[in-house]
Amino acid sequence: AFGIHSENYAIKLGINPAELIPRNIVNFRRQLRNIGGMFDWRHELSTTDPAYYKWTQWLFLQLLKAGKAYKKAAAVNWCPKDQTVLANEQVIDGRCERCGTTVEQRTLEQWFFRITEYADRLLANLDDKSKMDWSESTTLAQRNWLGRSEGAEIVFGGEVVGAHRGAPSADIRVFTTRPDTVFGATFMVLAPEHPLVDAFTTLDRKGDVDAYRRSVASKDLVSRKVGEREKTGVFTGGHALNPASGKPVPVWIADYVLMEYGTGAIMAVPGHDERDFDFARKFGLSVAQVVCHPERSEGAEAPLEAAYVDNHQGVLVNSGQFDGLTVPDAKRAITTWLAERGAGKAVVTYRLHDWCISRQRYWGPPIPIIYCGEHGAVPVPEKDLPVILPLIDDFKPDDTGVSPLARHESWYHVPCPVCGKQGRRETDVSDTFLDSAWYYLRYPSTEFDDRPFDAERTKKWLPVATYIGGNEHAVLHLLYSRFISMVLHDLGLIHFDEPFKRFRAHGHIVKDGAKMSKSRGNVVVPDEFISRWGADTFRIYLMFLGPFQEGGDFRDEGVSGPRRFLDKVWNLVGDTIRDDKGGHSRTPDSRLPTPDSGSPTPDSRLPTPNPRLPTPDSRLVEMKRHQTVRKVTEGLEELRYNTSIAALMEFVNTIRAENAATSDVVEDLIVMLAPFAPHFAEENWERLGHDGSIFDSPWPTWDERLTVEDTVEIAVQVSGKTRSRVTVARDADQGVVVEAAQRDAAVRRFTEGKEVRKVVYVPNRLLNLVVG
RNA sequence: GCCCGGGUGGCGGAAUCGGUAGACGCUAGAGACUUAAAAUCUCUUGGGAGUAAUCCCGUGCGGGUUCGAGUCCCGCCCCGGGCACCA
């Protein structure tokens, strides 16, 4: 309920979100009830409720206390349309995840959470099956996002820097995943923002260097990151010493090196990196080959036409004592060698950045900080929480880079909690993903107002057994929630460090050839469907559309199938009731014993059906029943709703075809239908004479032996082509089947006059006669 | 560029420890019922040939392994998604 999504909608309608959101909640709640979602409404919560965000603010304070929250001025993603900063996770291809506007770079004072400290753990737990059973696509997205790289940090000494402004010697540390190529590092490149740029810049190069840095600073993040890849850069005039070759190499600056990754500096190996090769070619820098194709290791003298990037089988050349080693061996050997000489060490780098949680917006929980001229950023004492978000009229954001709350002096002028002198509240609010990063902890404990989550409740209910959501949250909500869990676990506040044991990503519904979404305007409003077809028809249709993880194609006509199915079931129940009225000794309030407990067969208790119709094949129906129970039971567990419903439809078709609507069969059917069509099932449960809720009745069980037939149809192939089918007793011997097959005319036609060279027999499935 | 997921009838989709491809549903066609329509019921519905029994072809494309491939292997194409001047 908090956040940009809601706030933008409110701005569009010109209504204060504080008024609009509660109205929408009423509507959502109604729709969720209508569709038969079974929730314990006593545990409903709203992130916009002070009783909730009090604890969101408390959470911020806990992270601050633990040193996991800090403030810094940083270049951040600024969305000029939404007029707020965005987390890296909210920027897709250089555009705002919400509105699609190209994101700009701004330098602002922001609050960050140290999620990077947890990078290795966030990665390692993904492989821990005892903690996490997640959709593969989701863990993969997280892996990519965390972006672990193994490599080495190598120190290039600055002793030999040329005549510049008398700067002291300065070492340049670089990160590389290819320490094996260090002998081929013929120049270095620093990010333009790198703090050592000035140290290496000679007087005669200063003008060019400064001009280049200014031009880069004015570029926005997008054109720098996803714009054209034409290399630009300037020479600083300085040199550093390659610790492997001992040779001095020129130091350049270029914007293809990013300050925020690795050390903000690289050793450039043009012979074995495409970007470095492009750069060297453009600026006429020397290219050295130090890795060679394993089969052509003697022919390395010709100049390289392109970077040779083979990372696996390549063999080292021109690398002193390391010549002849393969790339993987050389990585280890050279890293060790450099480490011994104090010029490097093995390191692991992550792509993940710290989580920026400041938002210059109105609709969120105020960050509980008071700035004091003397004491700096002072946390609001916990006893003073919540810091209430005031109701204001001018809640629209602007381009000033500060929140609308900064226009309200009466709100932000407060005394410093330490000295009592006038202070100023933090006017930014926190990212809405912080609200959702801990709500699973609040649900079981909604009625406690003196603690965010009750220890006993948490112990009983959490971590979450199964969590279902969209994959669009793979690197947002799901990553943040995991981080918050780890922090709270390490603070000793909860007993687990992974919040969601099992996660399954649902698919997306496609309508008119596009993913159903509000922005595309192809959304189906459930209300209309529910009033026309009924909630249960709608539920079954949605579940029947396609595999849960893949979504499906929503077509209005398709809904008639599930509706017809429910109508048929309704009539089956009607048949059962009518049959009972025909003088049968069924006790309406107790469930009939299941067949495996030795009860009489259904047929003996029911009237002979209409003589026009075939006699019910009770064995067939029994078999189908056991098969269906198995299929639906297993299908529910695996979220295979579409095939579970198909199995129920088949069961109904069998019951109808066999005219076998006996009460025990129909009752099993209704019970199995209950999770899919709860209202319908309850109603029919009552029609069948029961008082209580169907959800209090036991789930049917199946007997594996009764799911199979006594006779089986075996496909008969001749040389791999199916030519006929024979019906034999279950588990028949090969000889029996071969004999039956050889009597078959169609088989004969293909085996006549030919020698059967080989016989392949798969019991109960197939016989293959291979003729020569 | 790298890494995942997926390409099956007119449509949504079944079937993956290699073993009868197309379950279930939709659409369409024919018939029954009806004064008529709707609803319901019955039958047909991958393509081709044949009166028929039956045969040939068929799971994105090209090869391969196998008695047998939608399923496994190699090489491509297309669609969806993740990452991306990340060193």
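Labels below follow one simple rule: chain letters A, B, ... track the order of the sequence lines, proteins then strands, and each chain is numbered from 1. Source: prediction; values computed, not measured.
A/Arg563 comes within contact range of no nucleotide atom at all, as no heavy-atom separation falls under 4.0 Å. Within 4.0 Å of A/Ser560, counting heavy atoms only, lie sugar-phosphate atoms of the nucleic acid but no base atom. Residue-level contact check: A/Ser137 touches neither bases nor backbone, having no heavy atom under 4.0 Å from any strand. If you check every strand for non-hydrogen atoms under 4.0 Å, A/Arg749 touches sugar and phosphate atoms only. Using a 4.0 Å heavy-atom criterion, one finds that A/Lys568 contacts the sugar-phosphate atoms exclusively. Counting any heavy atom pair closer than 4.0 Å across all strands shown, A/Asp567 reaches no nucleic acid atom.
Distance NE2 (A/His508) to P (B/rG80): 14 Å, rounded to an integer number of Å. A straight line from CG of A/Asn571 to P of B/rA39 spans 16 Å, rounded to a whole angstrom. In this structure, A/Asp553 places its CG atom 18 Å from P of B/rC79, rounding to the nearest Å. Following rounding to the nearest Å, A/Asp255 (CG) and B/rA87 (C1') show an atom-to-atom distance of 14 Å. One interatomic measurement links the two molecules: CZ of A/Arg656 to P of B/rG25, which rounds to 10 Å at whole-angstrom precision. Put simply, CZ on A/Phe565 is 23 Å from P on B/rG12, counting in whole angstrom units. Across the protein-nucleic acid pair, A/Leu140 atom CG and B/rG6 atom P stand 13 Å apart, rounded to whole Å. A/Tyr541 has its OH atom 15 Å from the P atom of B/rG25, to the nearest Å.
Between B/rG19, B/rA87, B/rC4, one nucleotide has an atom nearer to the side chain of A/Ile266 than all others, and that is B/rA87. Of the candidate nucleotides B/rC57, B/rG19, B/rC85, B/rG19 has the atom nearest to the side chain of A/Arg765. For A/Arg723, the side-chain atoms get nearest to B/rC55 when compared with the rest of B/rC55, B/rU27, B/rC24. Of the candidate nucleotides B/rC57, B/rG12, B/rA14, B/rA14 has the atom nearest to the side chain of A/Asn642. The listed nucleotides are B/rC83, B/rC85, B/rU20; the one nearest the side chain of A/Leu258 is B/rC85. Listed nucleotides B/rA14, B/rC83, B/rA87 differ in distance to A/Phe175; the shortest reach to its side chain belongs to B/rA87. Nearest nucleotide to the side chain of A/Met649, out of B/rC26, B/rC24, B/rC4: B/rC24. Distance from the side chain of A/Glu557 is smallest to B/rU27 among B/rG82, B/rU27, B/rC24. For A/Gln717, taking side-chain heavy atoms from C-beta onward, the closest of the listed nucleotides B/rA87, B/rG19, B/rC4 is B/rG19. You'll find that the side chain of A/Leu766 is closest to B/rU20, out of B/rC41, B/rU20, B/rC83.
Within the shown strands, nothing qualifies as a pairing partner of B/rG70 under the Watson-Crick or G-U definition with both distances less than 3.5 Å. Nucleotide B/rC85 forms no Watson-Crick or G-U wobble pair with any nucleotide shown, as no partner meets the under 3.5 Å limit on both distances. Using Watson-Crick or G-U wobble geometry with both donor-acceptor distances under 3.5 Å, B/rU35 finds no partner in any strand shown. Under the Watson-Crick or G-U wobble criterion, with both distances below 3.5 Å, B/rA52 is left unpaired in every strand shown. Under the Watson-Crick and G-U wobble criteria, each requiring two contacts below 3.5 Å, nucleotide B/rU8 is left unpaired. Of all nucleotides present, none satisfies the Watson-Crick or G-U wobble test against B/rA14 with each distance under 3.5 Å. Pair assignment for B/rU42: B/rA30, on the basis of Watson-Crick or G-U wobble contacts that are both within less than 3.5 Å.
Between the side chain of A/Glu713 and the base of B/rU20, at least one donor-acceptor pair of N or O atoms lies under 3.5 Å. Side-chain to base pairing of A/Asn144 with B/rC83: no donor and acceptor N or O lie closer than 3.5 Å to each other.
Of the possible polar contacts, none joining the A/Thr628 side chain to the A/Phe651 backbone as a donor-acceptor pair under 3.5 Å is found. For A/Asp536 (side chain) and A/Phe680 (main-chain N/O), a donor-acceptor pair under 3.5 Å exists by modelled atom type.
Comparing B/rU54 with B/rG5, their P atoms are spaced 42 Å from each other, to the whole Å. The separation of B/rC67 from B/rG62, taken at their P atoms, amounts to 23 Å, rounded to a whole angstrom. Of the P atoms belonging to B/rU27 and B/rU20, the separation is 30 Å, rounded to the nearest Å. To the nearest whole angstrom, the two C1' atoms, one in B/rG58 and one in B/rA69, are 14 Å apart. A distance of about 47 Å separates the C1' atoms of B/rC55 and B/rC3, rounded to the whole Å. Comparing B/rG9 with B/rA21, their C1' atoms are spaced 11 Å from each other, to the whole Å. Taking atom C1' in both B/rA14 and B/rG6, the straight-line distance is 16 Å, to the nearest Å. Nucleotides B/rU44 and B/rC79, compared at atom P, are 39 Å apart to the nearest Å.
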request  = Would you sort out whether A/Lys282 and A/Glu230 count as a salt bridge (Lys or Arg N to Asp or Glu O under 4.0 Å), showing the intermediate values?
outcome  = CA-CA 9 Å; A/Lys282 176 156 179 185; A/Glu230 181 66 30; 3.1 Å; yes
task = Determine, stepwise, if the pair A/Asp127 / A/Arg143 fulfils salt bridge (Lys or Arg N to Asp or Glu O under 4.0 Å).
result = CA-CA 10 Å; A/Asp127 293 320; A/Arg143 271 195 191 92; 2.6 Å; yes
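Glycosidic torsion of B/rG68 falls outside 90° of 0, placing the base in anti.
Listed pair A/Arg564 / B/rU40 meets the phosphate criterion, a side-chain N or O lying under 4.0 Å from OP1 or OP2. Look at A/Lys721 and you won't find any side-chain N or O under 4.0 angstrom from OP1 or OP2 of B/rA21.
Nearest heavy atoms, A/Val291 versus A/Gly314: CG1-CA, 3.8 Å.
In this structure, the separation between CD on A/Gln549 and CD1 on A/Ile468 is 9.0 Å, given to the nearest 0.5 Å.
Judged purely by distance below 3.5 Å, without hydrogens or angles, the side chains of A/Tyr350 and A/Thr116 never pair a donor atom with an acceptor atom.
In terms of position along RNA chain B, the nucleotide closest to A/Asn768 lies nearer the 5' end than the nucleotide closest to the other residue of the pair A/Gly264 and A/Asn768. Mapping A/Phe750 and A/Pro547 onto RNA chain B via the closest heavy atom, the residue that lands nearer the 5' end is A/Pro547.
The number of heavy-atom neighbours closer than 6.0 Å to CZ of A/Arg173, taken from other residues, nucleotides and ligands shown, is 12 or below. For A/Arg765, the CZ atom counts as loosely surrounded, since its 6.0 Å shell holds 12 or fewer non-hydrogen atoms of other residues, nucleotides or ligands.
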